[in-house]
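These figures come from a predicted structure and were not determined experimentally. Positions are given from 1, in the same order as the sequence printed here.
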Amino acid sequence: MAAWTDEESTRLTELHAAGKSLHFIAGDMERSKRTISVWAEKLGLSFSREKTAKAAEAVHVDNKARRARIEERLLAKGEEFLDQLDEPVIVFSFGGPLNEYAEHELTKPDPVSQKHIVQALNTVLTSANKLHEMNAGSNADHSKAMLVKMQAALLELHAEEDEDSSGDPR
């Protein structure tokens with residue numbers, strides 16, 4: 001393996017500052033996790049699970065917001081499709097011996113076109129619903145993580161109270 005370079009130290013520092021994990025950095029820099037770990041220590045960098053977890057949570061929140069925006073756009077597109085079912089439509093054709101253009105306005109789409117519109121509507125609503133379920137499901141994971149943090153804080157508080165009461169001269 002090639003010797004470690006100053007450029008690699010800079011890159012490692014940048015990736016670490018961006019909250020990237022040891023595993024990610026090793027893959028990105030095409031070095032072993034052990035090498036990255038050794039050089040991170042030399043550079044005074046730590047791969048604290050708390051920092052990595054915060055970075056992962058930030059990515060999770062960003063992705064959830066992105067899914068919500070896409071869900072909203074899909075629902076808006078679904079409304080457009082629904083409106084098309086009752087809107088006038090122009091049908092046209094070319095024909096006759098001179099291949100002439102002719103058009104007619106219908107009060108609403110023909111049954112075949114209505115079927116296609118409803119199928120498109122179903123597709124966007126199904127997709128929007130799946131995105132909504134994904135975001136709702138992630139709330140349960142967030143709630144579990146919050147409960148674990150609360151439990152840890154309560155246990156710490158209880159331990160402090162035990163220390164205080166054991167030192168009490170009663």
task = Using the side-chain hydrogen bond (donor to acceptor under 3.5 Å, both in side chains) rule, collect all pairs that involve residues 34-45, keeping only residues at least two apart or in two chains.
result = S32-T35
inquiry  = Can you give me the closest heavy-atom contact between I25 and H16, atom names plus distance?
reply    = CD1-N, 3.9 Å
request  = Please round to the nearest 0.5 Å and tell me the distance separating atom CG of L82 and atom NZ of K77.
outcome  = 13.5 Å
message = Would you say CD of E30 has more than 12 non-hydrogen atoms from neighbouring residues, nucleotides or ligands within 6.0 angstrom?
response = no
inquiry  = Among residues at least two apart in sequence or on other chains, which ones pass salt bridge (charged side-chain N to carboxylate O under 4.0 Å, His left out) with E79?
reply    = none
request  = Can you measure from OG (S93) to NE2 (H104) and round to the nearest 0.5 angstrom?
outcome  = 6.0 Å
remark   = d(Q114 CD, Q119 CD) to nearest 0.5 Å is 12.0 Å
request  = List for me each residue that meets salt bridge (charged side-chain N to carboxylate O under 4.0 Å, His left out) alongside E72, sequence neighbours excluded, and say none if there are none.
outcome  = none
message = Check whether E71 reaches the backbone of L131 with its side chain - one donor and one acceptor, N or O, closer than 3.5 Å.
response = no
query = Mind checking who shares a hydrophobic cluster with V91, ILVMFWY linked at side-chain heavy-atom distances under 4.5 Å?
reply = V89, L106
message = Please check: side-chain N/O of S127 versus main-chain N/O of T123, any donor-acceptor pairing under 3.5 Å?
response = yes
inquiry  = Just verifying a value: how many Å separate E103 CD and I90 CD1, rounded to the nearest 0.5 Å?
reply    = 5.0 Å
request  = Could you tell me the separation between the NE2 atom of H132 and the CG atom of N135, rounded to the nearest 0.5 Å?
outcome  = 8.0 Å
Point-to-point distance, once rounded to the nearest 0.5 Å, from NZ of K130 to CG of L74 = 12.0 Å
ask   = Would you call L125 and L75 a side-chain contact if the rule is heavy atoms closer than 4.5 Å?
value = yes
key: Shortest non-hydrogen separation from K33 to L22 and the atoms involved   = O-CD1, 3.7 Å
Cluster overlap I70 with F81, hydrophobic side-chain contacts below 4.5 Å = yes
message = Looking at every heavy atom in both V124 and G78, which two are closest together, and how far apart are they?
response = CG2-CA, 3.6 Å
ask   = Does any non-hydrogen side-chain atom of D28 lie less than 4.5 Å from one of K20?
value = no
message = Under 3.5 Å, is there a donor on one side chain and an acceptor on the other for S113 and D110?
response = yes
request  = Start with the C-alpha gap between E8 and R31, add the side-chain angles, then the distance that decides, and say whether salt bridge (charged side-chain N to carboxylate O under 4.0 Å, His left out) holds.
outcome  = CA-CA 10 Å; E8 286 177 307; R31 292 284 194 159; 2.9 Å; yes
key: Between N129 and E133: side-chain donor-acceptor atoms closer than 3.5 Å   = yes
message = Within the 4.5 Å heavy-atom criterion, are I117 and P109 side-chain neighbours or not?
response = yes
inquiry  = Quick one, F47 and I36 - any side-chain contact, counting heavy atoms below 4.5 Å?
reply    = yes
note = Hits for side-chain contact (heavy atoms from CB on, under 4.5 Å) against T13, two or more places apart or cross-chain, chain-then-number order -> L43, L45
task = Starting from F92, walk the hydrophobic network (Ile, Leu, Val, Met, Phe, Trp, Tyr; side-chain heavy atoms closer than 4.5 Å) and list everyone else you reach, by chain and number.
result = F94, Y101
